[in-house]
Structures are given as C-alpha cells and as structure tokens.
Amino acid sequence: MEGENPPIQDIQPWKAIDTVYTNEKAGMDSVDKDLIKRVIYEASKDSNFFKKDEEKRKQTNERIARLKEKLAKVTEDEMKRYHATVRDSIRSAERERHLSRIWIHVDMDAFFASVEELDDPSLKSVPMAVGSIGMISTANYIARRFGVRSAMPGFIGKQLCPQLALVKPNFRRYKEKSEETKEVFRIFDPDFESGGLDEAYLDCTAFASVHGISGEEIAEQIRNLVMEKTKLTCSCGVACNKMLAKICSDKNKPNGQFFLSPNIAAIKAFVKDLPVRKIPGVGCVTEQLLNGFGINTCGDVIKNAHVIAAVFTPLTLSFLLTSSLGISTAFHGKKPAPGELSRKGISCEHTFTAKEDENTLLQMVGSLAHELSAAMASESIEGLTVTVKLKLSDFTVRTRSLTLLSPISDPESISRIASKMLRKEFPVKLRLLGIRMSGLSPIANANGKPKGNSKGS
DNA sequence: GCGGATCAC
DNA sequence: TATGGTGATCCGC
Ligand SMILES: Nc1ccn([C@H]2C[C@H](O)[C@@H](COP(=O)(O)OP(=O)(O)OP(=O)(O)O)O2)c(=O)n1
Ligand SMILES: [Mg+2]
C-alpha cells in the first residue's frame, strides 16, 4: 500500500524546509507558517546556500538511517545492559538535583531592535529589523508577525514584509546598554554569569534570604530596575537551576516573567511535554535525530532512554537524560584561576563577494592577520595554534590548522603561517576567509598589562 | 592535534 | 543580486 502517492515534500517542497529561522521563537504565534515557509523556499530554492542546506538535510537523514541500523543490530542482552545504564545514569543525575537555589535568567526583549527603537521612537510602530539586506540580527515583534527572524537574510525579510525597515547595527550602543543592565544584575548577584550582550544568569538565593523576599518578587524588581536604568524591557525565568530558568524566561516573553515552583511534581509536569528542542544545547540537528526515533519531548527522552543509550554517546545520553529530568547546574562555575584566561580562542572572519584571485586572497589573509593581532595585543595574549577558515563559493567550509612549538601574536608570523596554509588550498573560489588563534596564554611581558581574567604579576 | 559538525547568541 | 561574526564544544580519527 505504501508508495502509491509521492511524499508530501515532493509536491510541496517548502514543507520540508527547516532552517534556523523557520523555528519557533517568541512572538511567532498566529502567523501563517506555511505561507512563510513558501516565501522562504521560493526566495532560496535556486541559490548555492539552499543547495548546501539540502545537502546537510540529506546528510542528517543518512545519519538517522545509520543510527537506526545500529539500533536494529543491538541484541536483547545488550539492550538489557542499556536499561541498566539508564537506571544508573538517572540515579546519579538525581543526586545533582537541587531544589533550594533560586536562579533567575534575564533575557532582553528583541534586544538590538529595542535599542534602535529607543534611539528612534518612530521605529516602534513599524515592522523593523536590525541588519542589512544580507543578514538580519534581530527583528522587532511587529516584524516577527510577518515571519522576519534572526539569521534571516534581509532580502527574504523584505519579501515576507515589503514595508520592513532595515536599520544598520550599532554594536557600540548595544554594548553600552548591555553594561547598564549589568549594573542592575550586580545588585542581585555580584557573581552573575553573562551569556552574551543580552542575557544573564543570576543566583539570587543569597539575596532572597537576606531580604526575605521570593524569587518572583526579585524578578519583578529586576525588571523594574532594568526598565528604569535602560528604558528597555526584559523577561525573566525563575527556577531552581540555570537550564530551567532559561526555558522559563522564554515563556512569557516579551516583558514578562515565569516562575517554576521548586518541587519535583511541578518540575516533572513542566518537563513532561516539553519539546526536546527547548533544551539549550539541542539544536535543529539533534532534534531531527531524536524525532527520527519518535522522541519529541523530554518525557519521550525518559521513556526511550535505552534507545538513546544504544545509539548516542554516553555523554549525550547523560546530557539528554539530566536535562529531560529538569536537572542542571545549580551553582556558579569556577572562576578562571589566576593566570588562566577566560577565553580559549580569538578569531576574525569576513564574508565578501566570491573571489579566486590568489594575490587578492593572500592580501586579505594579511589584513585579517593584522586585525587579529591587534585584538590579541589589546588583551596581551598569544597563541600556539593558527586556524584558517575558508568558505567556498558553494558554502562548503574548510578549516586548516597548525600548532606551533612556541606561541605567537605578531601580525607577520600569523600572516606567514596562515598564508602558507591558504596557498595549499589554491585554486579555490572563496566567499569567506577567517583566522583563529587558540592555545592562548597571557604574554608574561613586564610592561604590557594583561587584561581579561589573567592576573598580572 | 586536526577537521568537521553542532550550538548559542 | 543577495544568506553574518564570534566563541565553545564534541566526535572520530
Ligand atoms: N543568530 C543571532 C541571534 C541573535 N543575535 C543578536 C541580536 C539579538 O537582539 C541579540 C539577542 O538574541 P536573542 O536570541 O535573545 O533575541 P532577541 O533578544 O532579539 O529577541 P527575544 O525577545 O526573543 O529575546 O543577539 C544575532 O546577532 N544573531
Ligand atoms: Mg533576548
């Protein structure tokens, strides 16, 4: 009976597309998702980008097929052992369950776009995105109703919403506003962990106990103070660990908060039908892999954990199980030890209209090397490994790296090594070049003042 | 150590 | 016409 009708994606191919910007996101309720996918498909289908995307989709499907074969070969005895592994894994995860900490995840609403609206209030009433015709960083909530999203090229945004206003990004402004929010966060947790310009994790346990107030009350205060300080809205999630707090901060976005009661029953109910994609760390691909085994929610993860044990690595199993049980970090991570750097790599890369002229490309590597070297100098760091990144005109990405015997940071050395690696790839037609340095250490220079988290002596 | 992939923002 | 930049981590060699 199978195969009489062609699969739906052959008749309506846009239904199969599933990129970063077709996913669920705050502010995307009540939009015609099928129409949006169709516009995106029509705008994309003849591009190199789309071809590469299709290739990746195919690759993911092959990966699912391989995993299924692997599962089929598992014997009954082995499966029994996987069940045991799962039981152990759950037991040890449960030992890390902490209900008594109060975590708040704060996330600014449509951050870049909101800053632009602040600086030009006329933008508040129109669909607007920050970015260029080539790439959108984020969109305000009016534009989101048209399907305009982060990581979507501006020209597609325009097709979804012809009135869309595109505003050039002002990173310095975003950094300034971000610093303002941090002044507020410090009040509630001096050790708050910042995750980029627009979000932070606050362990508010001590603050709550000292002031005799609840997590929800603290979240209200944070939102009020952030508004007072920045004139911007944010959303908060209140829960007993970082992951749950983060998921909660998305629940009542924008300008809202959500409190998850710190008891097992509430957490179990919260997590039961939660789509795996909501777990931070589970992206498009992992979601597809799991869906391939009928695993769609955290509840499904628990029920089918033996399947996961059979086809994924122990680390992935442990991560998915722990997360799906609603367990995650409940204490601040260690601060980098003195002399240790807070970052592990530093890089710069640029996209341009595809070029194949070797001298031009070599010259670009040289200027990247200078740019990177200057960034390293400003932090007084040097590195052992040089990695060159190439993106071919068909969007294939290649990296080539070399680890040295002693660290470097001067533009000439970086340029020389990067150029040598680039030369080996000729002839190529590139749309992007990048250089990254890793294996970093502070320059133990007497007069250069090490910045960042490295301690000077 | 290397290269490709995945993920977050 | 046109699909970003930066940093981290994991897996399988
Ligand atoms: N692929 C992405 C995602 C985000 N950003 C930038 C622009 C956003 O304003 C900022 C914060 O990212 P969020 O995911 O928190 O998105 P927003 O704050 O814009 O919207 P939301 O209200 O959903 O949090 O990071 C970006 O440049 N590229
Ligand atoms: Mg945000």
Side-chain angles (χ1 to χ4, degrees), chain A residues 17 19-21 23 25 40 43-53 55-56 59-60 63 66 105 107-108 110-112 129-138 149-159 166 168-169 171 174 178 194-201 243 246 250 277-289 312-316 318-319 333 341-354 368 371-372 375 384-391 393-405 421 425 431-440:
Chain A
I17 72 166
T19 69
V20 273
Y21 44 78
N23 283 321
K25 183 69 168 119
I40 294 174
S44 280
K45 64 177 199 263
D46 295 321
S47 67
N48 280 346
F49 180 85
F50 186 76
K51 281 195 199 79
K52 178 55 71 174
D53 229 46
E55 206 180 302
K56 286 185 194 162
Q59 203 180 313
T60 304
R63 221 175 128 185
R66 281 200 305 276
H105 180 255
D107 190 310
M108 304 301 293
F111 184 52
F112 293 3
V130 176
S132 67
I133 202 72
M135 183 53 55
I136 287 171
S137 282
T138 195
R149 289 278 321 266
S150 286
M152 175 183 279
F155 66 87
I156 292 185
K158 283 275 193 189
Q159 291 180 27
L166 271 177
K168 278 207 193 48
F171 292 103
Y174 312 147
S178 175
S194 130
L197 285 183
D198 98 314
E199 58 172 274
Y201 295 89
M243 180 197 71
K246 175 157 177 76
D250 214 42
R277 183 68 175 82
K278 296 284 180 188
I279 299 172
V282 174
C284 284
V285 174
T286 311
E287 179 187 32
Q288 293 302 311
L289 297 183
F312 293 102
T313 66
L315 197 74
T316 305
S318 153
F319 167 74
L341 291 168
S342 58
R343 63 151 89 231
K344 311 210 159 155
I346 184 167
S347 67
C348 56
E349 59 186 59
H350 295 299
T351 294
F352 41 82
T353 60
L368 276 169
E371 201 181 318
L372 184 57
L384 270 179
T385 301
V386 185
T387 303
V388 174
K389 176 174 168 180
L390 318 176
K391 182 142 65 179
S393 59
D394 68 354
F395 288 85
T396 303
V397 175
R398 275 188 210 162
T399 60
R400 297 291 177 258
S401 65
L402 185 70
T403 301
L404 311 167
L405 294 172
M421 292 190 278
E425 303 301 314
R431 67 181 339 274
L432 172 145
L433 266 173
I435 310 180
R436 170 184 167 80
M437 294 286 306
S438 51
L440 303 180

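Residue numbers start from 1 in every chain, and the chains themselves are labelled A, B, ... in the order their sequence lines are given, proteins ahead of strands.
By the 4.5 Å heavy-atom criterion applied to side chains, A/L432 and A/E349 are counted as neighbours.
Here A/T351 reaches the OP1 or OP2 of C/dG5: one of its side-chain N or O atoms lies under 4.0 Å away. Considering only side-chain N and O atoms, A/R277 lies nowhere under 4.0 angstrom from the phosphate OP1 or OP2 of B/dT6. Regarding contacts with the backbone of B/dC2, a side-chain N or O of A/T403 is found under 4.0 angstrom from either OP1 or OP2. Regarding contacts with the backbone of B/dC7, a side-chain N or O of A/T286 is found under 4.0 angstrom from either OP1 or OP2.
Distance, A/F319 CZ to B/dC7 C1': 10 Å, rounded to whole Å. A/Q288 places its CD atom 15 Å from the C1' atom of B/dA5, with the value rounded to the nearest Å. Atoms CD (A/Q59) and C1' (B/dG3) sit 13 Å apart, rounded to a whole Å. Between A/D46 atom CG and C/dA2 atom P there is a gap of 11 Å when expressed in whole angstrom units. Per the geometry, CG belonging to A/L440 stands 13 Å off C1' belonging to C/dT6, to the nearest Å. A straight line from NZ of A/K389 to P of B/dC2 spans 18 Å, rounded to a whole angstrom. With rounding to whole Å, A/F395 atom CZ is found 15 Å from C/dG5 atom C1'. Nucleotide B/dC9 holds its C1' atom 17 Å from the CE atom of A/M152, rounded to whole Å.
Here A/I279 lies in heavy-atom contact (under 4.0 Å) with sugar-phosphate atoms only. Among the atoms of the strands shown, only primed sugar atoms or phosphate atoms (P, OP1, OP2) are found under 4.0 Å from some heavy atom of A/K246. Heavy atoms of A/L432 sit under 4.0 angstrom from primed sugar atoms or phosphate atoms, though from no base atom. If you check every strand for non-hydrogen atoms under 4.0 Å, A/N48 touches nothing.
Residues A/A375 and A/I346 share a closest heavy-atom pair of CB-CD1, 3.8 Å.
Without hydrogens or angle criteria, A/T60 side chain to A/K56 main chain gives a donor-acceptor distance under 3.5 Å. At least one donor-acceptor pair closer than 3.5 Å links the side chain of A/S150 to the backbone N or O of A/S137. For A/D107 (side chain) and A/D250 (main-chain N/O), no donor-acceptor pair under 3.5 Å exists by modelled atom type.
Closest to the side chain of A/T399, out of B/dA8, C/dA2, B/dG3, is B/dG3. Closest to the A/A151 side chain, of the nucleotides C/dG4, C/dA2, C/dG5, is C/dG4.
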Problem - Residue pair A/L197, A/M108: steps toward the side-chain contact (heavy atoms from CB on, under 4.5 Å) verdict - result: CA-CA 9 Å; A/L197 285 183; A/M108 304 301 293; over 6 Å; no
Exercise for the section: Go through the steps to decide whether A/Y174 and A/D198 satisfy the test side-chain contact (heavy atoms from CB on, under 4.5 Å), and finish with yes or no. Expected result: CA-CA 9 Å; A/Y174 312 147; A/D198 98 314; over 6 Å; no
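Of the two residues near DNA chain B, A/R398 and A/E199, the one whose nearest nucleotide lies more 5' is A/R398. Each of A/T60 and A/L197 was assigned the nucleotide of DNA chain B with the nearest heavy atom; the assignment lying further toward the 5' end belongs to A/T60.
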Practice task
List the protein contact pattern of nucleotides 7-13 of chain C with one symbol per nucleotide (5' to 3'): B for base contact, S for sugar-phosphate-only contact, - for none; contact means a heavy-atom distance under 4.0 Å.
Solution key: SSSSS--
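Atom-to-atom distance recorded for A/L433:CG and A/C348:SG is 10.5 Å, nearest 0.5 angstrom.
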